[in-house]
Structures are given as structure tokens and as C-alpha cells.
Amino acid sequence: MPAPKFITNKPRVIYWFRTDLRLHDSPALRAALDLNPECLYPIWTWDPHYVYHARVGPNRWQYLIDCQNDLSSRITALNPKSRLLVLREGPETILPKLWKEWRISHIVFEKDTDAYGRERDEKIERLAKEAGVKVVSIAGRTLWDSDDVVERNGGKATMTLAQLQTAGKKLGEIARPIPPPETLPNLGELILGFAHTQPIAALDLNASHRSEADKSYETIAGPNGDLGPPTLEELGIRPATTRHRGGETVALEQMNKILADKTYTATFQKPNTAPTAFEPQATTLLSPHHHFGSLSIRQFYWGIVDVVEEFNKSGKGKASVPPTSLIGQLEFRDMYFGAHAKLGYSFSQTIGNPNIRFIPWYLPSVLDDKTGRVISGTYYIDNQEAEVWFQRWKFGRTGFPWIDALMRQLRQEGWIHHLGRHAVASFLTRGGCFVHWERGAEVFEEWLIDHETACNAGNWQWLSCTAFFSQFYRVYSPIAFPKKWDKSGNIVRKYVPELKDYDDKYIYEPWKAPIADQRKWGCMIKDDGSDEFTYPKPMFDFSERREWCLRKMKEAYDVGLHGNDEKVKDGSWRSLFGDELGNKGDVKLMSIGDIDAGDNGAENVVTAVISPGNEDKGTVIGQKRKASKSQGTLDGLVKRIKKS
DNA sequence: AGGTTAGTTGGCAAT
DNA sequence: TATTGCCAACTAACC
């Protein structure tokens, strides 16, 4: 081990912020302060994995930037000489330089939970060891440390709420929140006179969200040279469209408002909250704060427990209990984290995952044979019709107003109600399109401001009846389900404004309205719905598709393969299924990263695949497809999206 | 925390 | 008062 250049008595500490963008109830930050450091550098490193390889739309970028700005000013409020230092370089290259230049003795961070973060942190710990820097990593993102949960669950993934609850009981009471620090140490000297390492050029999964050149890594300290949080402009990302704002200050205000409504908090029952409500929404909307760590999960947990106890003593009634209560919702979150902690990367994919069923969905993922992992940014188009359905679903042009309203709300605002997620997920997978749940999960990853790998993968598995839940005949109707909550379809009028003047009677099924009424209400129902005075006909007969899907689900359950079965990996599963799927023979993969000249002169990176008989047609995910006569509907769709 | 259909039951008012 | 029609509310079976 090389000897440090300078020996000081007091620790010199880097606090590495990642998904814990808060000062309150941070066990890791407390540990850093307990070192009684001579100086504390609060840093953020601009990880190329997140910049290019995670799917992040403008709304989540903005939310992250909100969190960083708020955190920085809260740090400065405690110490005017301190702030959040945003370094435009990946952690694996910059941290060793900082340790050396800033004479760091300790690096402290909250233990990460997702597969990528944990793999990255292992590398960082090895590098730190080599450099003689001590690493302090403390769990703080979940009710219990998920690795402890797995251990107390017999070393297995938590696949039911009961398993999580039993493991939790064995682990003892959840820690009470730690108050925020009252002071923070000064920064050390900001020496940045070292070479700036650029990330290795890679596939940019967020290219479709950029309107300008990406300047993420132009300088180490940002355009103002002050290590301040970036702007969307610096990232070349289009403006955000959501009204939801991030940051610890907003998070605490929002939480306190909820807890102040004691009846709401104590009697909350998720299935009784309206998915059609949007302003205000029926649930807490705290999930994005928990995702970025701008709100501690234990702070909210204990806030609820205290309100529930008081409510039960008050004689006003009986508080709700898990699984439907607010506490139950937090437990579900920990259950998914427990499964993800055990299974790692394989939790968020079918192939190689022993815990999930194999169902022969359309548009399956492509596997990297070397790593056994799904290749992000690509998938097989094994059925052209399903690809059209998928694109129409993604951009809210299915012709089912309830589904389209939700998908447009998701794209615009980055958040939809949990039961709305049920509705669109059921529709895309087992109750409509029969498209792979991994395609849906990728769209949610791109557009949700509260995207959390464990919860997203888990919920898609649940809703597609791939794991956690198996009653596949419980299909959500795009008409009957929203009618139960809102007969007049206000959510449709808001997000599908071309239908705003339709009578209540037809708001969820406008194709049934007489032509004269369609004319009167200013919106004709036409096949492609390609101008602003038209809306598309439903892209299929729903009950027909529902029956077809039920047959296929039953078949898949009878065949009984799971993600880790050899037959799933080698493709021989096909011999066990009937030939009704319509995907004939093998599909072929184009080279990922090939450059494809787009119609508008732009160069697009090919990230998807071709199907037999269509060898000359590549696909660019999230961008315009190359012209294809067989996809008139899709071209109309693209035109419509560009206009909106 | 799904939806449909067919069948039953019970209240109510018209005849 | 008995019969009839109507319908809302409920249940069971099925997908």
C-alpha cells in the first residue's frame, strides 16, 4: 500500500451522494460526521452509466437536477462555505484522482441497492483499498437492509409480503429517523488540476431526448467552472414537461402535509384510491422523493406509525392495516428490494431468473451470451403487428381513451396512479397486446420520475402474471374499470383533449358514438387519427384479444417453464407451444450501434432488430422508423407525435 | 388490487 | 289482497 503523502490526525472525508439526496435521516451522512473530519467534500459524480445507459427522459433529469440544487443550498444553509460539488466524470476514474489530490482518508456513502450500483461500488471499494482509503458504506434506502432481509428469509429472494414481514420481525424494530445535522464541516481546498478522463463512447439510450449536442463531459467543473449542478441545456436534453418538482425541501413539505391529514394517513387503502384522479391525485406522490432519497423511507414510516397509533386511540375508527395501508405499501417496496438484492441483474429479466415463469411474449429481449444479461436498447421484432401495437401503446394512440390518457399523462408528467399502471401494464401484456413485460418496463424506466429498478421490474412481473401474482384471468377492461371511478372521464378530457366535448356515455368508447355526434363534438373517430380533429379507432377488438391472451396464458402456465430453464435459453421452448403465435422461425439481429441515415438527415444509431423477410428494415428505438409501406399506421403515429 | 353473464332475491308500485 | 312487471342488489360460475 502506498504511503499517503500527508499525515493528518483528523480524517479528510468525501461524502459521495448518489440516491440519498437529503440531509435528514441519513445514517451514512451521520457516520461521515461522526468521523469528526477536518474537512468534508460533498460530491456527486456524473456517471456515464446513468447519462447514456439508463433510460432517463427529460422529466427525471429535471427532477434529479432539482434534488441536486436543493441539496446544495441546504448544505450551504448549514455552512456558507460548503455546497454540493458536481464533478463531470465517472466515479471509477475520478475518485482515485480526488483521493490523491485532496488527501482523502475516508469515502462514505449510502449502500446502493440496484445491481449496477452494487457492482460499481465493489469496484470502487477495491480501488479505495489499493489507495489506502477507508470505505464506509451504510444501508439507508429501505426499511431494513435488504441483504439482512434475504439472510433472514433463508437466503432466498422475498417473493411474498408474508416472507418480508417474517424476515422483518426477526430483524427487530425499524430504526427511528436521525435528525439532520446542525452544522457541516468546511470543504477542503478544491484542487482540480488533473487530467479530465472522458467516458468511452457508448450507445446513448437517451439520444432521442436530446435536442442539442450533449456537453455532459466537456469540462470537469461544468460551464461556469463552479462544480454546480447542471442544467438540461448542458446535457442537451429537451425541456421537462412535468409539474412535479424534486428536492428535499419539497419532499418534507409534501410528507408533512400528508401526515397532517390524520384520517387520510391512518385509513389509507390503496385499492380504494381513484386512479382517475389527477389534480390532486389520490395517492401520496412521495415515490419519486424516495427514489432520489430526498425523503427518507424511515422518516415517512415512523410518521405514519405515530399517526396510526394516535388515530386508533382517538376513537374515530380503526386504522387500515397492511397490505392495503400506507405501511403495507412501504413493505411491498422492501419486498421488491429483497428480491432484487438476492437476484441482482437477473431480477429484471426473464432469461436466467429461476423465480419467474416463461411466457412466449412478443418482442422479446436479446441476450448477451457472454454475460447472460439482456442487451439494453434492443429487442426482437418477431411480430410486426405487435410492434405497431407496442408503439401505439407507448405514445398513447391505441384508440382506447383510458389507456391513451394514462400513457400521455405518463409521458408528460412522469407519474401515473398505481392502478393506472396496472391498467396499462395488463393491456400491454397478458390482457391485450401480449407484448413482453420487459418492453413495458423499459418505457416506464424512460418516463417515470419515480423509476426504481426493483419496484419497476417487480410490478411488471406482478401485472403480467410472470411472478408474484398468477390470476391471469383478472384482466382490466379499458372501459369498465375507469367507469367505476369516474363516469365522466375527466382524465380523458384532460390528457386526450381531442375528446373533451364527448358525452359521458361515449368518453371511454368514442368509436360507438354516432357519426353526427362525432362531428358535433369536433372529433371524428378514424383509423389512424392522424390530425388534431380525429382520434383513432381502437387498434383491436378488446374482448377478442382478451380471450386470445387468456388461452396463451393458460398454455404457458400448463407448459410450466421458468426463466432459468435450458429450453428457454436455447429456443427449444417453441416445440412445447402451439403454432398460434405467428412468429415464424428465428429472427435475426442487426449489429447494435450501426449508423442508419434517418429521413431528416440525422444519423441514428440502430438499436433494434429485423424480422425475417424484412432484412433491410432496421428500427431505431424511440425515433422514427425507416420508411416501410407495411407500417402506415405507425408512420401516421410518428407524424402525430412530432406535432404534439 | 377484473369483468361478464346468468340466475336469484326482495322491494315496490301498478293493475 | 294477489298477481305481475320492473329493477337494483347480490351471488356463483366462468374466463
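Here is the naming used below: chain letters follow the sequence lines, and residue numbers restart at 1 for every chain. Computation of the quantities below employed the complete heavy-atom set of this structure, encompassing side-chain atoms and omitting hydrogens, waters and symmetry-equivalent molecules.
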Could you check, using the six-membered ring where one of them is a Trp, whether [X] and [Y] have ring centers closer than 6.0 angstrom?
X: A/Tyr362; Y: A/Trp389; value: no
X: A/Tyr476; Y: A/Phe427; value: no
X: A/His340; Y: A/Phe347; value: yes

Please list all pairs meeting salt bridge (Lys or Arg N to Asp or Glu O under 4.0 Å) that have one or both residues in [range], counting only residues at least two apart or in different chains.
range: residues 258-273 of chain A; answer: A/Lys262-A/Glu310
range: residues 447-462 of chain A; answer: A/Arg141-A/Glu452, A/Arg421-A/Asp450
range: residues 426-436 of chain A; answer: none
range: residues 333-352 of chain A; answer: none

5' to 3' on DNA chain B, which nucleotides open and close the contacts with chain A (atom under 4.0 Å from a heavy atom)?
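First and last nucleotides in contact are B/dA1 to B/dT4.
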
Touch check for [X], heavy atoms < 4.0 angstrom, all strands: base, sugar-phosphate only, or nothing?
X: A/Gln329; result: base
X: A/Lys484; result: sugar-phosphate
X: A/Phe332; result: base

Flag the pair A/Lys111 and A/Asp147 as a salt bridge only when some basic side-chain nitrogen lies within less than 4.0 angstrom of an acidic carboxylate oxygen.
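Looking at A/Asp147 together with A/Lys111, the answer is yes, because their closest N to O distance falls below 4.0 Å.
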
Interface with DNA chain B, restricted to residues 465-482 of chain A and to heavy atoms under 4.0 Å
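By residue number: A/Tyr473, A/Arg474, A/Val475, A/Tyr476, A/Ser477, A/Ala480, A/Phe481.
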
